[in-house]
Student: 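I'd like to ask some things about the structure below.
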Amino acid sequence: MQHNAVIATAGPVMVLAGAGSGKTRVITYRIAYLIRNEGIAPENILALTFTNKAAGEMRHRVDTLLHQGSSRGLWIGTFHSVFARLLRSHIHQLGYDRNFSIFDSDDSKSLIRQSMAELSISADAVPLNTVQGLISRAKNSFILPAEFHRNASDYNQQKVSQIYELYTRKLKDNNALDFDDLLIKPIELFNARPEILANLQESFRYIMIDEYQDTNRAQYLVAKMLGAKHRNIFVVGDDAQSIYSWRGADISNILNFQDDYHDALTFKLVENYRSTGTILKAANSIISRNQRQIKKELISHKEHGEPLTLIEAYNERNEAERIGEHIRTMRLKQDYEYRSFAVFYRTNAQSRVLEDVMRQTKIPYKIFGSVSFYKRKEIKDAVAYLRFILNERDNESLLRIINFPPRKIGDISIGKLKEYAEEMGITLYEAIQRAEEGGFQARLVNALSSFCRVIETLREMSESGTVYEVLSELFSLTSIPLLLQAENTPESLARHENLQELLSMARDFSDHNPDNGSLGDFLENISLASDYEETQDSDNYVSLMTVHAAKGLEFPVVFVTGLEERLFPLHCYEPDELEEERRLFYVAVTRAQDKLFLSWAQSRYQYGQPHYCLKSMFIGEIDTSIVQTESGVLLSDRPEKEKTTGGVSTLSRGYQQKMSTPLPAGDQSKSSKSGLRAGAMVHHALFGPGTVVDVQGTGSKQKVRITFRNTGEKTLMVQYANLKIQQ
C-alpha cells in the first residue's frame, strides 16, 4: 500500500496513515520517486510540514535515498517558512517593503497593548491575552477585520474588532507581519495579483502536505489555490489523530478531501509497525465510537502481546505510587531501562504528584513539553508571596510579587523606593509601608498601601491558620486565579489549573500534618523539590508529558493516567469536543509499543478539596477480554458485582467508606441548610460572586448550581464549596 501511494503521481491523492504505519517514509519515497523516476526537477516540488524538525528529517531522507545534495532546489519547509520566503519576493505588491519584520508573540502583544491604549480599552475589561488569542484564531480562519466586525456578537468581540482593525494598520505602519500574517498574506496577494498565483501554480507542479488533519482554514485555502492548475496535490494524515482544534486545526479539511477532489485516490495505511496486536485492538475499539471519521482499522506487524493493565487507585498519590512500583518491578524482572517508560496525563497540573513520588522513590524523570511543576511561573509567583509572608527581608520575593497581579507600580517607582530605603537605613518593605512619609505620589501610595494590606492580612492568618487557609486567602484577596480564568486562553487556563493543584497540595499537606504543618515546613518541602536534579542518570530517565506533547513519539511501556470523567475526557459539553478527547486517548494508546497501563483514581483533590471521581467512559469502550487488573485477572472474568462497581479493591472500598464521612465545611455547613435557594446571591473564594440557579439533594450530598458573574455556570458540592451567602 505504501508503494502504491508512492507511484500514484497524477492527480489528487489522500493517504490516510494510521499511527505507526510509515507516514514520513511514504512522503520521502514519493519525492525521491518523482525526481529519480519521473524526472521532475526539485524546484517543481513543494513539500509542507508543521515543524522544522520534520522538514529537516524529510530532506535528509531524500538525500539518503538519492545522493547528497539531490534535494537542492526542493521547496520543503513549514507553512510559515515557505510562505515567508514567497512573500519576500512579492509582498511589495501589497504595499509592504521586501525587508519586512516578522513580529514574534511578545512583539505582537506589545503592539496590541498600544492599540488598546489608543482606543482607551482597559486590559481589565478585555484581557490582553484574550485579545491576542481571538485575533490569532480569526486570522487562522481567514477572517479579516471587516468580517470580524460584522460578526461581533458580544461586548468582548465588539471591543476586539476595534483592536483588530487598529492592530492591523499598526502592523503595516511598522512594515511588519505577525506569524499568522504569514499564512493569510499569501491569500491576499493571490486575490490581488492573479498573475503571481499563476506563475507559482506553474512552478509548483507537485504539492505534498504532511499532517493534513492539523491544517487550519488559511493553510487549506492557500494550498488549494497553489494546487488548482496541475491538481497534483498529495496529502498525508490521520483524522483519528486530529487533536489541535484549540489551535485552529479543522478536521473537516481531511474529512472533506474527497468532496474537494472527486477524482482523488485514497490509500489507507493500516499496518502498524509499532504496537502489539492487543494494543491496536484497544485503539480500534476506542476510535470506532467516533461518528466523524474515515473508517479504518489498524493491524499489527508484531505479535499479539500481553493484555492492558488497569490500575484502580484510591487517590492521585496512590496512583503515582503504584506507577512507580510497576516501573521498579519491570526494571528488575524484565530488564527495562528507565528510558523505556513514559507517563502521560491530560493536563500539566497532574505532573505535580507524579514528580513528587518520582523524587521520593529516586526514579529519575524528565518533564517534556513543559517545565517542572515548581518552576512554572505562576507557581513561583504564588510561592514568592508565601516566602515573603515569612520573611519580609526577602527582597527577591518582594520584587517578584509587588506587581503580581498588576498594580501599576513601575520600575522607576521601585527604583526610588530602593533609594529611599537606603537613605533611611530601612528595609525595602519598610520603605513601602512608609511611602506616604517619603512624599511619594498619592496614586503610588494607594497602590502600595493596598499591597501592604494583603501582606499583613496573610501574615496574621499564617500565625494561626493552615497553609491551605493562607493560600486560599491569598487567591481570594488577589483574584489571581479569576484573572487567569477571565483571559480564557489555553495557556491561562493551564496556569489556572496549576494554581488549583498548588491549592490541592496545600490542603493535602495541611490534612496530613495537623501538628507540624507550618508555612515554613511547607516552603521547605517546595525548596527541596524544586532543587531536585531531574536527569541524574544522563539520558536514562522516565518521560513525563501531556498526551498532546506525546504525539509522534513512541515508548516500549506507556502509562495513561487520570482516566476519570471531567479529567479525561476533560469537561466535554459538545459531541465534537468529546470526539476530539477520544482521538486524544487514541493517540495516547498508540504511543505504546509493548505494554500499556491505564490508571484512574477514585478520589482526587480539586480546588483544594477531595472529590469523588467516576471512571472514564473511555476505559469502558475497550474490550474487557484484553484488559487485566494488577493481579492479572481479566476484567471479563471478574465477578459481576465487581464489574458493576468498577472493580473497587478492598483497600479502595475502605478508603471510600472513610471518604463518605462528610468533611468539615467550617461555618458554611450551617448556611447549606438554610439560605441556599434559587435566586440567592453567594460568593466563592475562587469564582467570585454568583447567583444560585438550583439546589439539589440534602445533607452531605447537596449540590448547588450557580451562575458566576466572571466564570459562568458551575455545579458544586455544598459541603466543600465554602460559599458565603450575600445579605
Side-chain angles (χ1 to χ4, degrees), residues 310-325 343-358 360 373 379 467-468 471-472 475 481 493-512 544 546-547 559-572 581 584-585 588 597-620 630 645-649 651-663 665 686-687 700-701 703 714-722:
L310 180 62
I311 300 172
E312 297 176 294
Y314 54 79
N315 64 14
E316 66 265 49
R317 178 161 291 276
N318 180 243
E319 177 187 44
E321 288 168 348
R322 285 155 83 163
I323 288 169
E325 288 170 12
V343 184
F344 301 159
Y345 34 84
R346 178 62 183 84
T347 66
N348 271 311
Q350 290 168 255
S351 77
R352 197 271 302 174
V353 177
L354 291 162
E355 289 183 69
D356 286 351
V357 169
M358 295 283 175
Q360 290 159 12
F373 181 82
I379 301 301
V467 174
Y468 168 72
L471 196 58
S472 296
F475 290 169
L493 294 177
R495 291 169 61 198
H496 177 268
E497 288 168 1
N498 287 333
L499 289 178
Q500 301 313 322
E501 180 60 26
L502 183 66
L503 190 64
S504 294
M505 177 190 175
R507 175 60 184 261
D508 191 30
F509 178 84
S510 298
D511 288 349
H512 288 88
L544 307 184
T546 63
V547 183
F559 296 84
V560 185
T561 67
L563 282 164
E564 298 131 34
E565 291 297 303
R566 301 181 68 80
L567 182 56
F568 201 177
L570 181 71
H571 304 299
C572 291
E581 288 291 305
L584 191 60
F585 184 44
F597 290 84
L598 308 175
S599 70
W600 72 287
Q602 294 167 44
S603 172
R604 191 176 293 272
Y605 275 98
Q606 297 172 19
Y607 301 103
Q609 302 284 358
H611 285 253
Y612 298 124
C613 304
L614 293 175
K615 183 167 60 177
S616 171
M617 67 174 74
F618 295 158
I619 295 175
E630 289 176 277
T645 59
V648 179
S649 66
L651 178 62
S652 299
R653 280 198 295 272
Y655 184 77
Q656 273 198 333
Q657 290 165 5
K658 176 184 174 184
M659 289 296 293
S660 65
T661 305
L663 295 174
L686 296 178
F687 302 138
S700 64
K701 294 184 178 179
K703 296 180 182 178
K714 297 186 182 296
T715 300
L716 306 173
M717 293 291 290
V718 171
Q719 68 168 336
Y720 301 137
N722 288 323

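Only a predicted model underlies this, so the values are computations on that prediction, with no experimental measurement involved.
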Student: Does Asn498 have any side chain to side chain donor-acceptor pair (under 3.5 Å) partners at least two apart in sequence or in another chain, and if so, which?
Tutor: Arg376, Glu378
Student: Can you name the residues that form a salt bridge (charged side-chain N to carboxylate O under 4.0 Å, His left out) with Arg346, not counting sequence neighbours?
Tutor: Glu581
Student: What residues form a side chain to side chain contact (heavy atoms under 4.5 Å, CB included) with Ala506, not counting sequence neighbours?
Tutor: Val467, Tyr468, Leu471, Phe522
Student: Which residues pass the salt bridge (charged side-chain N to carboxylate O under 4.0 Å, His left out) test with Glu321, not counting sequence neighbours?
Tutor: none
Student: Name all residues meeting the side chain to side chain contact (heavy atoms under 4.5 Å, CB included) criterion together with Glu565; count only those two or more places apart in sequence or in a different chain, and write none if there are none.
Tutor: Pro569, Leu614, Ser616, Met617
Student: Looking at residues at least two apart in the chain, or sitting in another chain, which of them share a side chain to side chain donor-acceptor pair (under 3.5 Å) with Thr546?
Tutor: none
Student: What's the verdict on side chain to side chain contact (heavy atoms under 4.5 Å, CB included) for Leu502 and Met505, showing C-alpha distance, side-chain angles and the deciding distance?
Tutor: CA-CA 5 Å; Leu502 183 66; Met505 177 190 175; 4.2 Å; yes
Student: At what distance, to the nearest 0.5 angstrom, does CH2 of Trp600 lie from CD of Glu319?
Tutor: 10.5 Å
Student: Pro610 and Ser603: which non-hydrogen atoms are nearest, and at how many Å?
Tutor: CB-OG, 4.1 Å
Student: I'd like to check the ring pair (Phe, Tyr, Trp, His ring centres under 6.0 Å) partners of Phe559; sequence neighbours left out, ordered by chain and number.
Tutor: Phe597
Student: Less than 4.5 Å apart, side chain to side chain, heavy atoms only: is that true for Phe373 and Leu354?
Tutor: no
Student: Under a 3.5 Å distance rule, please check whether Glu497 uses its side chain to pair with a backbone N or O of Asn348 as donor and acceptor.
Tutor: no
Student: Can you tell me how far the OG1 atom of Thr347 sits from the NE2 atom of His496, to the nearest 0.5 Å?
Tutor: 12.5 Å
Student: Suppose we screen for side chain to side chain contact (heavy atoms under 4.5 Å, CB included). Which residues come up paired with Glu325, at least two apart in sequence or across chains?
Tutor: Arg322, Arg328
Student: Measuring from Ile379:CD1 to Leu499:CG, what's the distance to the nearest 0.5 Å?
Tutor: 5.0 Å
Student: Which value, rounded to the nearest 0.5 Å, describes the distance between Glu564 atom CD and Ile619 atom CD1?
Tutor: 8.0 Å
Student: Establish, from distance only, whether the side-chain atoms of Ser504 and Glu501 form a donor-acceptor pair under 3.5 Å.
Tutor: no
Student: If you measure from CD1 on Ile323 to OG on Ser599, what distance do you get to the nearest 0.5 Å?
Tutor: 4.0 Å
Student: What's the shortest heavy-atom distance between Arg604 and Gly562, and which atoms?
Tutor: NH2-CA, 3.5 Å
Student: Taking all heavy atoms of Leu544 and all of Met358, pick out the closest pair and write down the distance.
Tutor: CD2-CE, 4.2 Å
Student: Under the rule for side chain to side chain contact (heavy atoms under 4.5 Å, CB included), what residues qualify as partners of Asp356, not counting sequence neighbours?
Tutor: Arg317, Arg352, Arg359, Gln360, Tyr374
Student: Any idea how Phe618 and Phe585 line up, ring-wise: parallel (<30°), tilted (30 to 60°), or perpendicular (>60°)?
Tutor: parallel
Student: Which distance, rounded to the nearest 0.5 Å, do you find between the CG of Asp508 and the CG of Asn315?
Tutor: 7.5 Å
Student: Applying salt bridge (charged side-chain N to carboxylate O under 4.0 Å, His left out), can you list everything that pairs with Glu316, at least two apart in sequence or on another chain?
Tutor: none
Student: For residues Val547 and Phe568, determine if any side-chain heavy atom of one lies less than 4.5 Å from a side-chain heavy atom of the other.
Tutor: yes
